Chemist: 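The structure that follows is given in the form of structure tokens.
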Amino acid sequence: MSSYDPNAIERRWQEVWESERTWEVPNPGQPGFDESKPKSYVLEMLPYPSGEPHIGHLKVYSVGDAVAHYQRRNGFRVIHPMGYDAFGLPAENHAIQTGEHPRDSTAAAIASFQRQFRRWGVSIDWSRELSTHEPAYYRWTQWIFLKLFERGLAYRQEAAVKWCPKDATVLANEQVVDGRCERCGTEVEARQLEQWFFRITDYADRLLKDLESIEWSEHVKTMQRNWIGRSEGAEVVFRCEELGIDFPVFTTRPDTLFGATFFVLAPEHPAIERLVAGTGAEAGVRDYVNKALRESTEERSAEDREKTGVPLGRTVTNPVNGEQIPMFVSDYVLMEYGTGAVMAVPAHDQRDYEFATAFDLPIRRVVEPPDGDVPEDAAYVEHSEDEVLVDSGSFTGVRADEAIQKITGWLEEKGLGKAAVSYRLRDWLISRQRYWGCPIPIVYCEKCGIVAVPEDQLPVELPEVEDYAPKGRSPLAAAEDWVATECPQCGGAARRETDTMDTFVDSSWYFLRYCDASNEAAAWDRDVLRAWMPVDQYIGGVEHAILHLMYARFFTKALADLDLLDVEEPFQALFTIGMITRDGAKMSKSKGNAVDPADYVERYGADTARSYVLFIGPPSQDADWSDDGVEGMHRFMSRLWRLGREVAERTEASDEQLATSNGATGDAKALLAKTHWAIDKVTRDFERGFQFNTAISAVMELVNEAYRCKDSLYGDPVGDACLRFATATAASLISLFAPHLGAEVYEQLTGVRVWEQPWPKADPAALSADTIIYAVQVNGKLRDRIEVPVDTPKDEVIILARQSEKVQRHLDGTVVVKEIFVPGKLVNLVVR
RNA sequence: GCCGGAGUGGCGGAAUGGCAUACGCGAUCGACUCAAAAUCGAUUGUCCGAAAGGGCAUGUGGGUUCGACUCCCACCUCCGGCACCA
């Protein structure tokens, strides 16, 4: 007898899907578009094409493909596309080292990804394929940039960027590892340069609030909330009377205003020079500021760092009591957050307390727990419930939470402050002084200034250059012919923007382009988008929980505001998958512990490899790869294949009716029940958040049951029918994860294609066998099991339970005070 | 420090408050074979016991309940995110 040959089977079905374009789905208005079906947009995060796909790709696309198949078989019109996030640093660094054009190495990588995805049998609509580095795609990335620019959502401003002094280049954030350049290890410096930003902070509140409307895991939502970092409080104005300068500060604790004993500015604060002029403290302040500016963010934010600072020789007025408090400059105050200045309340803020201690400044307690059980000499007071204000003028005795409202109201009346909200989120810096990215479609004209490239001149194509290495400016700057252009407004001489965009821009809208991928006249047709968006199920690694997912949400909202789109959230549901490790460690080429999926696909077939990565544990969790485990999955695939073979040979193709008839008894009925149980179990595991590991184990149980009873069923028409039904169902269920084997076995037994069949429904009536086994407990401890006919009434089951010899032993000399009966499950006799 | 998640056999992991350890791996034994592989079948938490049987086990300690891996309280450990964020 021949044996399971996954490679032959898989090739055969892949050819069918390829030649029949099985997974392509038309858009509205195109032939074959079925308006009667509900739509389902199933999307896995698009891969960055580099080298060969790794095991993580296998996992994401195995999960996504299972979802796509399931949705199709449940009557949905499913869009399941694929593309490549092709701009980016690895290809560029490779080019710098070898001189190979990034376009060529990227094309090679894409080709190998395409080959692998087909080899894995993923049900992709290839007609919608795209790559973000193609001008046909990035012209629309540029178009979106221009739309944002028109709206004021893209703007240019001077900003501090990461600079590697040795490589003489600006670095992307992700190239800075622990404050050092990832390539040469040199400590990174900050430099002020003009940069392009997207005004994502305008959307902070909506990005936060709309998290409530989407089905994402709490974990990811929390990460986004942390990142946005919304704080409620008040903006309070402290005035330097001598110079007539107002210093607003943001505080979450306006209730502690009476405890402010000094005032601190960030070293970058623009008013410092003016403040210090004429005080005699100029030299000391300048030294301190310069030193602070030279230090890396890493150094400045180091834990347990001593508080340092210098007095400015000026004071500001505390608006609540008119007190003059001294001003300092210190690097523990950050220019990027709030207003770059803080009111210091050392009794109630740990950092202020440390500074006050170091500089011997007064510490004044203004909030206390209601019971007052704080030692008289305790300087720093932990925040606690129901605190009450002390020593706070007319607010003394007020509860702290009320005082926040009251003091803010009082300030507002006096024009000295107002309620305010502050965010941790910063605007998105998208400029990259890099070659391999989407050019920013902007021209600088001496006369007209910053000028947008007109839409009809898009795309601004990436020029050819000799040297890909950045040397303090973008490599594009070397393409003189390209840089020199004429102003679209006045026709005069102008120069092109030479920076490219952060690659996260490219991937912030690709899911929109998939909907209308071949549209040459526009980025998309709004009606087409309406037919597909939003993505119903997004699937990807948790490493993108913040950046990519935040940026894509921002784009969607901004485009909706521009009236180009009808949805506010791009991804209705998100499923994040865990990492696959090897011996508990992250896989990497440098560690030499990487598992190449192609090896396993080659050896055991794609069905085995795909099913294994799903079976290894809940897909949302990290899981450790085991070679033995793969073999186990291969054994199961072979077992199912052999069962299909044998059942097809030894039983007659019989009517479906025969199988579902109630003629089945004994083993046949048990197998029938197991079959319906498996259908129900796999369906529930799917609905319950993609519990594929247990879904697959349910199919294993079904196959085990078929093996157990098959020899007693062969030859009996009802038995044959049940075996056929059980085996075909196992194939049908497993086809979500092992589409080739599923199609093969199903076809052998039924003659039809499994993916064209509706998802099976469990018949509740067939779920039960002839008998039920009851667990019998005495005082909650299991003492016996009794088997009774399915419909035995409660009273009878209890009588039988009490008659059991094993139970009797534990009832001896006791009184049964209570009988607990759980239908179909157990009897618990409570005795005294 | 704040927020989120998780602690179950030798291992990966199962269990709407109802038979803890499904399924798989590994291990042991048996069948088939001249033999091996493959395959099929059986056993496999731990302790006491020849066995029948019993005790103990889901990070720790309490609680609720007829009954708790599951719910509540306190704690320990690990993983992830944020963090001189005012």
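All of these numbers come straight from a predicted model, not from anything done at the bench. In what follows, chains are A, B, ... by sequence order, proteins preceding strands, each numbered from 1.
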Chemist: Between B:G24, B:G54, B:U39, spot the one nearest the side chain of A:F615, thanks.
Modeler: B:G24
Chemist: Give one of base, sugar-phosphate or nothing for A:Y423, where a contact means two heavy atoms less than 4.0 Å apart.
Modeler: nothing
Chemist: With a 3.5 Å cut-off and no angle check, do the side chains of A:D685 and A:T694 form a donor-acceptor pair?
Modeler: yes
Chemist: A:K681 NZ to B:A14 P: how many Å, rounded?
Modeler: 10 Å
Chemist: Could you check whether A:S231 gets within reach of a base, just the sugar-phosphate, or nothing at all, counting any heavy atom under 4.0 Å?
Modeler: sugar-phosphate
Chemist: Applying the Watson-Crick and G-U wobble criteria at under 3.5 Å, what pairs with B:C82? Answer none if nothing qualifies.
Modeler: B:G1
Chemist: Of all the choices, B:G55, B:C66, B:A15, which nucleotide is nearest to the side chain of A:N828 once you look at every atom?
Modeler: B:C66
Chemist: Quick one: label A:G632 by what it contacts on the DNA or RNA (base, sugar-phosphate, nothing), any heavy atom closer than 4.0 Å.
Modeler: sugar-phosphate
Chemist: Assess, by modelled atom type and distance only, whether the side chains of A:N226 and A:R424 contain a donor and an acceptor separated by less than 3.5 Å.
Modeler: no
Chemist: I want to verify a distance call: between B:C66, B:G53, B:G13, whose nearest atom is closest to the A:V830 side chain?
Modeler: B:C66
Chemist: Could you pick out which residue, A:M223 or A:E631, lies toward the 5' side of RNA chain B when each is mapped onto its nearest nucleotide?
Modeler: A:E631
Chemist: Tell me what A:H348 touches on the nucleic acid: a base, only sugar-phosphate, or nothing, going by heavy atoms under 4.0 Å.
Modeler: nothing
Chemist: Any strand counts, and the cut-off is 3.5 Å on both contacts for Watson-Crick or G-U wobble. Which nucleotide pairs with B:U64?
Modeler: none
Chemist: How is A:L826 classified with respect to the nucleic acid when contacts are heavy atoms under 4.0 Å: base, sugar-phosphate, or nothing?
Modeler: base
Chemist: Across the strands shown, which category fits A:D628 at heavy-atom distances under 4.0 angstrom: base, sugar-phosphate, nothing?
Modeler: sugar-phosphate
Chemist: Does a donor on one side chain sit under 3.5 Å from an acceptor on the other, for A:Y332 and A:E354?
Modeler: no
Chemist: Side chain of A:V822 only, heavy atoms from C-beta on: which candidate in B:C85, B:A22, B:G18 is closest?
Modeler: B:G18
Chemist: Separation of A:R424 atom CZ from B:C84 atom C1', in whole Å?
Modeler: 14 Å
Chemist: What integer distance in Å separates A:F692:CZ from B:A22:P?
Modeler: 23 Å
Chemist: Compute the centroid of each ring, for A:F615 and then for A:F737, and state whether the two points are separated by less than 6.0 Å.
Modeler: no
Chemist: Just compare B:G18, B:A86, B:C82 and give me whichever is closest to any side-chain atom of A:Y337.
Modeler: B:A86
Chemist: Determine whether a donor-acceptor pair (N or O, by modelled atom type, separation under 3.5 Å) exists between the side chain of A:T408 and the backbone of A:K418.
Modeler: no
Chemist: Tell which nucleotide pairs with B:C32, taking only Watson-Crick or G-U wobble pairs whose two distances are both under 3.5 angstrom.
Modeler: none
Chemist: Can you measure A:R635 atom CZ to B:A38 atom P for me and round it to whole angstrom units?
Modeler: 8 Å
Chemist: Describe the nucleic acid contact of A:V342 in one word from base, sugar-phosphate, nothing, applying a heavy-atom distance below 4.0 Å.
Modeler: base
Chemist: Give none if B:G17 has no partner; otherwise give the nucleotide forming a Watson-Crick or G-U wobble pair with it, both distances under 3.5 Å.
Modeler: none
Chemist: Could you tell me whether A:R230 contacts a base, only the sugar-phosphate backbone, or nothing, with contacts defined as non-hydrogen atoms closer than 4.0 Å?
Modeler: nothing
Chemist: In whole angstroms, how far is the P atom of B:C82 from the CG atom of A:L208?
Modeler: 16 Å
Chemist: In whole angstroms, how far is the P atom of B:G81 from the CD atom of A:E218?
Modeler: 18 Å
Chemist: Determine the contact category for A:N704: base if any of its heavy atoms lies under 4.0 Å from a base atom, sugar-phosphate if only primed atoms, P, OP1 or OP2 are that close, otherwise nothing.
Modeler: sugar-phosphate
Chemist: Out of B:C66, B:A86, B:C23, which nucleotide sits closest to the side chain of A:T252?
Modeler: B:A86
Chemist: CE of A:M700 versus C1' of B:G24: gap in Å, rounded?
Modeler: 6 Å
Chemist: Reckon A:R688 touches a base, only the sugar-phosphate, or nothing at all at heavy-atom distances under 4.0 Å?
Modeler: sugar-phosphate
Chemist: Counting heavy atoms from C-beta on, name the nucleotide in B:C3, B:G55, B:C85 closest to the side chain of A:K781.
Modeler: B:G55
Chemist: Taking the six-membered ring for Trp, are A:F238 and A:F263 parallel (under 30°), tilted (30 to 60°) or perpendicular (over 60°)?
Modeler: tilted
Chemist: Any idea which of B:C84, B:G81, B:C85 is nearest the A:K307 side chain?
Modeler: B:C84
Chemist: Using Watson-Crick or G-U wobble geometry with both distances below 3.5 Å, tell me the partner of B:A50, or none.
Modeler: none
Chemist: Under 4.0 Å, heavy atoms only, any strand: does A:I696 hit a base, just the sugar-phosphate, or nothing?
Modeler: nothing
Chemist: Need one value for A:V333: base, sugar-phosphate or nothing, where a base atom within 4.0 Å counts as base even if backbone is also close, heavy atoms only.
Modeler: base
Chemist: For the side chain of A:I616, starting at C-beta, report the closest nucleotide among B:G81, B:A15, B:G12.
Modeler: B:G12
Chemist: Look through every strand shown and name the nucleotide pairing with B:A6 as Watson-Crick or G-U wobble, where both distances are under 3.5 Å.
Modeler: B:U77
Chemist: Identify the nucleotide, in any strand shown, that forms a Watson-Crick or G-U wobble pair with B:U44, with both distances under 3.5 Å; if there is none, say none.
Modeler: B:G26
Chemist: Between A:Y612 and A:Y600, does the ring centre distance come in under 6.0 Å?
Modeler: no
Chemist: Using the rule given for side-chain hydrogen bond (donor to acceptor under 3.5 Å, both in side chains), can you reason through A:D784 versus A:Y774, listing the C-alpha separation, both sets of side-chain angles and the distance that settles it, and then say yes or no?
Modeler: CA-CA 8 Å; A:D784 198 7; A:Y774 273 88; over 6 Å; no
Chemist: Let me know, please, whether A:I546 or A:R351 comes out on the 5' side of the other along RNA chain B by nearest nucleotide.
Modeler: A:I546
Chemist: Taking pairing as Watson-Crick or G-U wobble with both contacts under 3.5 Å, can you name the mate of B:A57, or confirm there isn't one?
Modeler: none
Chemist: With the side chain of A:Y707 defined as its heavy atoms from C-beta on, choose the nearest nucleotide among B:G41, B:A22, B:C84.
Modeler: B:G41
Chemist: What is the distance, to the nearest angstrom, from the CZ atom on A:R783 to the C1' atom on B:G67?
Modeler: 14 Å
Chemist: Between the side chains of A:Q224 and A:R553, is a donor N or O closer than 3.5 angstrom to an acceptor N or O?
Modeler: yes
Chemist: Base, sugar-phosphate, or nothing: which does A:D352 touch, judged by heavy atoms less than 4.0 Å apart?
Modeler: nothing
